[in-house]
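One structure below.
Numbers here are sequence positions counted from 1. This structure is a prediction, so every number in the text was calculated from the model and none was measured. As the structure lists them, so they are numbered: ligands from 1, and atoms in each ligand from 1.
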Amino acid sequence: MDQANIGEVLISSEDLQRRVGEIGAEISRDYRDRDLVMVGVLRGAVVFIADLLRSLTVPCEIDFMAVSSYGSSRDSSGVVRILKDLDDPIYGRDVLIVEDIVDSGLTLNYLMRNLRARDPKSIEVCSLLTKPERRRVDIPIRYTGFEIPNTFVVGYGLDYAQRYRNLDYVALLPEDAAPTL
Ligand code: IMP
């Protein structure tokens, strides 16, 4: 499928930039005089974390983790494998996990348990998108960009079969191309 065939725009580039700026301002207020390390979850969160980082006015470090979920490409099983771990310890630090989207919540649930075991001072979650209807475990999300309906989206870091991450907006996939939910 050609990029020209992408479905309806769900969140425009302007709306994304405005919301990222708002979240950045909120994080900057909340993390003043703290020891912030943002943990980006590869690969989907790369675009979001890059913009978010530049909207912060407080000191912060970034690190990355890559995880893969066993099960079908669409439905996460909750059994997660770490493909790339953090480069640095997070003991005693204020960790903010940055995600592209929280769907069932199973991946994030695993990630939080894994990172908590390393004794950070605090751990919170910031997700650009959330699909509350799909949630299977309750995850406290401290900062949310947008709540979206139960539909498959691409763009601004999110992919379908590794494509469309480069779009600067979030779009729906056309019905015939979208994986069944
Ligand atoms: P969860 O464990 O079900 O919450 O899965 C979260 C992961 O599934 C996200 O980090 C994405 O990589 C992927 N995902 C879930 N929904 C979408 C979507 O609509 N578009 C692209 N990727 C998605």
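In this structure, Arg19 pairs ionically with Glu22, as a charged nitrogen and a carboxylate oxygen lie closer than 4.0 Å. One finds no salt bridge joining Arg116 and Asp119 here, because no Lys/Arg side-chain nitrogen approaches an Asp/Glu carboxylate oxygen to under 4.0 Å. Using a 4.0 Å cut-off between charged nitrogen and carboxylate oxygen, Arg93 and Glu61 count as a salt-bridge pair. Taking a cutoff of 4.0 Å between a charged side-chain nitrogen and a carboxylate oxygen, Arg165 and Asp100 do not qualify as a salt bridge. Using a cut-off of 4.0 Å between Lys/Arg side-chain N and Asp/Glu carboxylate O, Arg54 and Asp51 are scored as salt-bridged.
Note on ligand 1: Arg136 sits outside its first shell, no heavy atom being nearer than 4.0 Å. Distances from ligand 1 to the non-hydrogen atoms of Thr151 include at least one value under 4.0 Å. In this structure, Ile101 is part of the shell of residues with a heavy atom less than 4.0 angstrom from ligand 1. No heavy atom of Gly44 sits closer than 4.0 Å to any atom of ligand 1. Every heavy atom of Val154 sits 4.0 Å or more from the atoms of ligand 1. Residue Val41 places every heavy atom at 4.0 Å or more from ligand 1.
Among Thr107, Ile139, Asp100, the residue whose heavy atom lies nearest to atom 5 (O) of ligand 1 is Thr107.
Heavy atoms from other residues, nucleotides or ligands lying under 6.0 Å from CG of Asp87 number more than 12.
Those atoms of ligand 1 with a heavy atom of Leu158 less than 4.0 angstrom away are 20 (N), 21 (C), 22 (N). Every atom of ligand 1 with a heavy atom of Lys131 under 4.0 Å away is listed here by number and element: 16 (N), 17 (C), 18 (C), 19 (O). Short contacts between ligand 1 and Asp159, defined as distances under 4.0 Å to a heavy atom of the residue, involve ligand atoms 21 (C). For ligand 1, the atoms sitting less than 4.0 Å from at least one non-hydrogen atom of Gly105 are 1 (P), 3 (O), 4 (O), numbered in the order shown with element in parentheses.
Among residues two or more places apart in sequence or in another chain, the side-chain hydrogen bond (donor to acceptor under 3.5 Å, both in side chains) test is passed with Asp30 by Arg142, Tyr143. With sequence neighbours excluded, the residues that form a side chain to side chain contact (heavy atoms under 4.5 Å, CB included) with Leu53 are Met38, Cys60, Ile62.
Residue-level proximity to ligand 1 for Arg134 is absent, since no heavy atom of it falls below 4.0 angstrom.
Tyr31 pairs in a side-chain contact (heavy atoms from CB on, under 4.5 Å) with only one of the listed residues (Leu56, Leu36, Thr57), which is Leu36.
For a threshold of 3.5 Å applied to N or O pairs, the pair formed by Val153 and ligand 1 contains at least one separation below that value.
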